[in-house]
There are 2 protein chains.
Amino acid sequence: MVRPQELSPRARAKADQIREGAQRVFLKRGFAGTSTDMIAAEAGVSKQTLYAYYPSKETLLVEVLRHLIHEDPQNRLPELEEMRLDTQEGLRSALDSLAKELIARLMQPDYLALIRVVIAETPRLPQVGYLFRSAVPEQLLGNVVRVLNSARANGVIGEINTDAASRMFMGALLTYAIPDGLLVGDRPPSPPPTQRIEEIVDLLMKTIS
Amino acid sequence: MVRPQELSPRARAKADQIREGAQRVFLKRGFAGTSTDMIAAEAGVSKQTLYAYYPSKETLLVEVLRHLIHEDPQNRLPELEEMRLDTQEGLRSALDSLAKELIARLMQPDYLALIRVVIAETPRLPQVGYLFRSAVPEQLLGNVVRVLNSARANGVIGEINTDAASRMFMGALLTYAIPDGLLVGDRPPSPPPTQRIEEIVDLLMKTIS
DNA sequence: CCATAATAGAACTGTACTGTTCAGTTTCGC
DNA sequence: GCGAAACTGAACAGTACAGTTCTATTATGG
């Protein structure tokens with residue numbers, strides 16, 4: 001069922017076209033709110049073709065989410081390779097830009113829609129929950145822990161619990177993203193002003209120094 | 001539509017009976033996964049009676065959520081009145097028990113189910129999102145801010161940004177509750193060991209001292 | 001004990017949706 | 001250009017479900 005290597009380029013393109021159409025509708029209306037007729041229309045494809053590529057609406061949702069989570073470059077986690085973590089100011093600036101980048105992505109309507117669908121469908125499709133969990137929160141936390149460990153190894157910060165500190169940092173951002181993004185249904189999400197984010201970074205720096 | 005004051009005790013009881021049955025089914029199967037036949041059967045009531053009290057399935061969901069969020073004593077936020085916030089140890093113990101209490105409630109299957117339904121239905125029923133937001137995260141954050149402000153006024157902690165500190169505290173707990181609760185669909189949620197929670201409290205104490 | 005209101009049970013309407021099928025058309029490799 | 005494969009559009013089968021309506025039964029209050 002649409003494993004890349006076993007498809008001709010033409011078939012690959014059709015499968016992508018269908019998946020992209022499905023993605024637009026799923027993210028706008030959720031799984032239950034989307035019919036296969038809508039998907040076919042949005043993808044510009046007949047329902048017969050849709051079912052030739054994907055055996056069910058559920059499979060199609062899993063493919064959409066798998067692609068969004070694992071392959072869509074727009075959802076790639078911010079990279080931190082080039083950061084200079086050998087001074088306090090380098091670390092602060094790394095955390096600051098990471099936080100701002102994260103909030104910006106997290107509060108995109110499409111990303112919030114993805115999270116909503118994942119959370120809503122996890123009881124029925126547990127694999128979707130694991131997929132998302134291993135691709136996003138675990139990677140993010142791991143990244144921050146690595147940054148802090150590296151700064152600690154460089155003697156930039158004290159001997160603190162880097163796991164707990166990472167959770168405080170990431171979690172504080174969630175306290176903005178959840179109420180002002182996920183729990184707002186009739187207006188666009190309202191990201192916090194950069195000053196709020198800088199307060200978090202400041203306090204974290206104070207914590208770990 | 002079931003405003004308490006305009007109902008006889010008998011009618012009030014029936015309305016509650018229906019709402020309680022609906023709650024069980026909605027929390028177990030979500031909104032889309034629940035039929036009005038299921039609700040009527042679960043509540044031990046005919047569909048005719050159901051529609052005599054609630055004009056639609058959607059209304060019934062809103063009533064269920066409103067009750068869970070605003071009136072169900074099981075979902076009341078932990079109280080902090082009696083805490084002694086005039087010493088470091090008092091503050092630590094207050095934060096410690098608050099965190100443990102919160103994690104325990106947050107990771108109950110029924111509470112996770114409530115959150116899932118709220119998040120899933122917020123785009124279609126924005127009032128549900130606002131209801132939850134104002135009843136839970138805002139209250140919780142406000143409570144923690146008040147605790148910290150009071151401790152700061154008592155000279156127990158330094159001149160720190162109590163809003164940012166509260167967000168770090170609450171948020172860190174979310175980094176456990178979301179991946180190990182909301183994003184797990186086929187197993188019971190796995191709360192973190194108390195040691196993890198104490199690490200958060202320790203680091204927060206370090207931050208604010 | 002009776003008149004009235006509340007409820008049960010069950011059938012029914014209309015709609016919407018998933019997945020299939022079929023007849024005809026387009027596209028592609030060669 | 002031709003034969004095969006891919007595709008369209010539309011209809012269709014089967015199911016599920018929200019909400020209504022009917023008739024019969026049960027509880028309630030005076």
Side-chain angles (χ1 to χ4, degrees), chain A residues 1-4 6-65 117 120-121 124-125 128, chain B residues 1-4 6-65 117 120-121 124-125 128:
Chain A
M1 170 208 332
V2 200
R3 293 274 49 82
E6 13 180 295
L7 287 183
S8 70
R10 179 190 183 177
R12 175 77 263 147
K14 266 284 181 241
D16 288 348
Q17 173 185 347
I18 294 169
R19 198 203 57 241
E20 286 158 17
Q23 172 180 322
R24 287 191 291 277
V25 197
F26 279 142
L27 290 191
K28 187 170 297 168
R29 326 209 15 164
F31 181 77
T34 298
S35 74
T36 52
D37 280 318
M38 291 180 203
I39 298 174
E42 175 71 31
V45 128
S46 75
K47 246 196 331 174
Q48 171 148 208
T49 304
L50 190 160
Y51 277 98
Y53 285 90
Y54 300 91
S56 73
K57 182 180 153 190
E58 213 163 82
T59 310
L60 193 38
L61 174 69
V62 173
E63 284 309 308
V64 164
L65 296 178
V117 174
E121 300 307 323
R124 224 164 33 87
L125 303 172
V128 165
Chain B
M1 173 213 328
V2 200
R3 292 274 49 82
E6 13 179 295
L7 287 182
S8 69
R10 179 191 182 176
R12 175 79 260 147
K14 266 282 182 244
D16 287 349
Q17 174 186 345
I18 294 168
R19 199 203 57 241
E20 285 158 16
Q23 171 180 324
R24 287 191 291 275
V25 196
F26 278 142
L27 291 191
K28 187 170 296 167
R29 325 209 15 162
F31 181 77
T34 298
S35 74
T36 52
D37 281 316
M38 291 179 203
I39 298 174
E42 175 71 30
V45 129
S46 75
K47 249 199 323 175
Q48 170 149 217
T49 304
L50 190 161
Y51 278 98
Y53 285 90
Y54 300 91
S56 73
K57 182 180 156 190
E58 214 163 82
T59 310
L60 193 38
L61 174 70
V62 173
E63 284 308 308
V64 164
L65 297 178
V117 174
E121 300 305 325
R124 223 164 34 87
L125 304 172
V128 165

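Reckoned from all heavy atoms, side chains included, excluding hydrogens, waters and symmetry mates. Protein chains get the first letters and strands the later ones, always in sequence-line order, with residue 1 at the start of each.
- Taken residue by residue, residues 17-26 of chain B places no heavy atom nearer than 4.0 Å to DNA chain D.
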Heavy-atom contacts, protein to nucleotides 20-30 of chain C, under 4.0 Å, summarised as B (base), S (sugar-phosphate only) or - (none) per nt, yield BBB-----S--

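- Of the inter-residue distances, the one linking A:Glu121 atom CD with A:Phe26 atom CZ reads 8.5 Å to the nearest 0.5 angstrom.
- Closest approach of A:Val64 to A:Ala22, counting heavy atoms only: CG2-CB, 3.9 Å.
- Dashed line: the shortest gap from a side-chain N or O of B:Tyr53 to OP1 or OP2 of C:dT7 is under 4.0 Å.
- Of the residues in residues 32-45 of chain B, those lying under 4.0 Å from DNA chain C by heavy-atom distance are B:Gly44, B:Val45.
- The minimum heavy-atom distance linking B:Thr49 with B:Ile18 is given by the pair O-CD1, 4.1 Å.
- Bracketed by its first and final contacts, the part of DNA chain D lying under 4.0 Å from non-hydrogen atoms of chain A reaches from D:dA6 to D:dG9 in 5' to 3' order.
- B:Val117 and B:Gly30 make their closest contact through CG2-CA, 4.2 Å (heavy atoms, listed as atom of the first residue, atom of the second, distance).
- Once rounded to the nearest 0.5 Å, the distance linking OG1 of A:Thr59 with OH of A:Tyr53 reads 16.0 Å.
- For the atom pair OG1 of B:Thr34 and CG of B:Leu61, the computed distance is 9.0 Å after rounding to the nearest 0.5 Å.
- Residue B:Leu27 holds its CG atom at 8.0 Å from CG of B:Leu65, rounded to the nearest 0.5 Å.
- Summarising the geometry, atom CD belonging to A:Glu42 is positioned 10.5 Å from atom CD belonging to A:Gln17; distances are rounded to the nearest 0.5 Å.
- With sequence neighbours excluded, no residue satisfies salt bridge (Lys or Arg N to Asp or Glu O under 4.0 Å) with B:Arg29.
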Check: Should A:Glu20 and A:Asp16 be marked as a side-chain contact (heavy atoms from CB on, under 4.5 Å) after you check the CA-CA gap, both sets of side-chain angles, and the distance that decides it?
Finding: CA-CA 6 Å; A:Glu20 286 158 17; A:Asp16 288 348; 4.0 Å; yes

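- If one axis is set at each end of the helix from C:dC1-D:dG30 to C:dC30-D:dG1 from five pairs, those axes are 30° apart, to 10°.
- Distance CZ/B:Arg19 to CZ/B:Arg12: 6.5 Å, rounded to 0.5 Å.
- Minimum heavy-atom separation, B:Ala40 to B:Ser46: CB-C, 4.2 Å.
- Heavy atoms from other residues, nucleotides or ligands lying under 6.0 Å from NZ of A:Lys57 number more than 12.
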